[in-house]
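It should be emphasised that the depicted structure is a prediction, and the values quoted were computed from it without experimental measurement.
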Amino acid sequence: MKKQEQLVQYNLLKILAVFMVIAVHMMNVVELVPQGNQNALRFHEVIRTLLLTSNGLFFMVSGRFLLENYHGGMGRFYWKRFVKIGIPVLAASLFYYVYVYGRNGLSLHFWKGLLTDLLQSRIQGYFWFVYALAGFYLAVPFLSRMFANMGKGEKGALTGITLAYFGLQNLYQIFGLEMVFTSYLFYSWVFYCILGYLLDSFKLTKRQIKLVILAGILAFLVSSWEICFWKRENPALHNYSVTMILMTSAVYLAVTVYGRKMAERFSGVIQAIAKRSFYIYLMHGLTQITIGAKLTGGMGKVLEGTDAGLSVRWGYWLGMSVVSFVLAFAIGCVLDWLYEPFSRYLLNAGKGKKQESIPGGAGRL
């Protein structure tokens, strides 16, 4: 079996993560909770928590192959990230800023505002992911060498110590204590970036994989209990909690291990969508703006008041999420067609130097 076919399940995971991002953002567009319905609100938050595993999944699949396949050439590595990720983000940021503020003209004030908001990730809220990922990209040349020289036992110790540290910091937050253990290197999204690589490098047995998935299911039940019944607030519930890490790990293994056969069966379609996945991520804000306008303009009347049942509301939400995904994919196909020749030209600027092998095409994280 060819290497590309063996890796198609990771592209399936990336597509799932993109759809989950779109779905969780669609929760802000479609009215899912009738006023005063606490049970509907709890259900909403439980589903939202599950969908937010997409954040960790994005980081995991992004770091998985970079750490394994980096073989030197820092300048080339950074340049490729800038061409593949940086330029599309800059272009998308300019588009959204013009879309919102361009009607007032492109004066000096406009460009100053663009620069200020770009540096602070204020143009599109969900672009925070790219800014967080950029820090990891800077560290890849150094982290890859570190992990290449680590044994399985050391990697296991790193994973265990890091989980314990996340748990300790979460307890500090839950009980409102001043955190004093603040200098641990991997207490950030960087841990998610290395987590996919670590899980795969352990070469887990089928039994161990099932145990991790079971731990993720139990973690989801604990998180659901926190949302529905616990009186305290867990500030790290959706990012740095141990429960979220376990949930994300479970989804990662479930798709990459048990979704492999399905991914290979539909490899052509999956590869085509995954190739444009980053463009889908960048442009789904535009499709949701369009859908939101349609909902406000009349389509949303079906959800007004309390007459619309929860099944209708959630079905509507799921349908609109699919529509947003399809529209963003269509835009992504156009952008990929336009940018691919230009990106190849830019990447050829360093032709002849050793390159790391990363599965996938344009827009690959």
Side-chain angles (χ1 to χ4, degrees), residues 20-21 24 27-28 33 38-39 41-60 62-63 120-122 125-136 138-139 142-143 146 150 153-199 211-252:
M20 291 167 73
V21 167
V24 77
M27 286 180 159
N28 300 323
V33 181
Q38 289 300 311
N39 288 331
L41 178 61
R42 293 188 184 100
F43 181 75
H44 176 281
E45 289 305 300
V46 167
I47 298 300
R48 179 171 173 267
T49 299
L50 179 61
L51 291 174
L52 283 174
T53 58
S54 56
N55 291 331
L57 291 173
F58 261 127
F59 285 113
M60 289 175 75
S62 297
Q120 299 179 85
S121 187
R122 292 178 177 174
Y126 60 85
F127 282 7
W128 71 267
F129 164 76
V130 182
Y131 289 78
L133 195 60
F136 170 69
L138 291 175
F142 318 108
L143 289 175
M146 182 182 83
M150 289 177 63
E154 292 173 313
K155 292 176 182 177
L158 171 64
T159 304
I161 291 170
T162 304
L163 286 174
Y165 188 89
F166 271 74
L168 176 64
Q169 294 294 58
N170 199 187
L171 289 174
Y172 269 88
Q173 292 174 298
I174 289 172
F175 292 100
L177 302 174
E178 181 181 354
M179 291 187 287
V180 292
F181 300 100
T182 57
S183 300
Y184 185 62
L185 179 63
F186 296 111
Y187 185 65
S188 67
W189 289 110
V190 170
F191 180 64
Y192 283 93
C193 290
I194 68 175
L195 185 56
Y197 168 83
L198 288 172
L199 285 174
L211 287 176
V212 174
I213 293 175
L214 177 60
I217 294 173
L218 293 176
F220 173 65
L221 294 177
V222 171
S223 295
S224 300
W225 176 81
E226 288 185 60
I227 292 169
C228 296
F229 305 110
W230 209 29
K231 300 302 181 182
R232 288 186 177 274
E233 180 184 0
N234 183 353
L237 182 67
H238 298 137
N239 45 51
Y240 295 163
S241 66
V242 174
T243 50
M244 179 57 73
I245 294 173
L246 292 175
M247 288 164 57
T248 305
S249 299
V251 176
Y252 179 91

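- In this pair, Phe58 and Phe129 present their aromatic rings tilted. The plane angle is within the 30 to 60° band.
- Note: Leu158 CG to Thr162 OG1 = 4.0 Å, rounded to the nearest 0.5 Å.
- Residues Asn55 and Asn239 bring no donor and acceptor atom of their side chains to less than 3.5 Å of each other.
- With Met60 as the fixed residue, the side-chain contact (heavy atoms from CB on, under 4.5 Å) test singles out one of Thr248, Ile194, Val251: Thr248.
- Counting heavy atoms from C-beta outward, Thr49 and Met244 have side chains that approach closer than 4.5 Å.
- The existence of a salt bridge linking Arg48 and Glu45 is confirmed by a sub-4.0 Å separation between a basic side-chain nitrogen and an acidic carboxylate oxygen.
- In this structure the side chain of Phe186 reaches within 4.5 angstrom of the side chain of Leu143, judged on heavy atoms.
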Output, in order, the C-alpha distance, side-chain angles, deciding distance and verdict of side-chain contact (heavy atoms from CB on, under 4.5 Å) for Ser188 and Tyr240.
CA-CA 7 Å; Ser188 67; Tyr240 295 163; 4.1 Å; yes
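- With rounding to the nearest 0.5 Å, the separation of CE in Met247 from CG in Leu218 is 11.5 Å.
- Note that CE of Met146 is 9.5 Å distant from CD of Glu154, once rounded to the nearest 0.5 Å.
- For the residue pair Ala250 and Gly216, the shortest heavy atom distance occurs at CB-CA, 3.7 Å.
- A donor-acceptor distance shorter than 3.5 angstrom exists from the side chain of Gln169 to the backbone of Phe181, with no hydrogens or angles considered.
- Residues Thr53 and Phe220 are not in side-chain contact: their nearest non-hydrogen atoms beyond the backbone lie 4.5 Å or more apart.
- Closest of all the heavy-atom pairs between Ala219 and Thr243 is CB-O, 3.5 Å.
- Separation of atoms CG (Leu133) and CH2 (Trp128) is listed at 9.5 Å; rounding is to 0.5 Å.
- Leu199 CG to Thr159 OG1: the interatomic distance, rounded to the nearest 0.5 Å, is 7.0 Å.
- Here the side chains of Ser62 and Phe136 are not in contact, with every heavy-atom distance at 4.5 Å or above.
- Within the 4.5 Å cutoff, no side-chain heavy atoms of Val242 are placed close to those of Asn170.
- Ring pair Trp189/Tyr192 is tilted by interplanar angle, where 30° to 60° counts as tilted.
- To the nearest 0.5 Å, atom CD1 of residue Ile174 and atom CD of residue Glu226 are 6.0 Å apart.
- The stretch residues 172-183 participates, sequence neighbours left out, in no side-chain hydrogen bond (donor to acceptor under 3.5 Å, both in side chains) pair at all.
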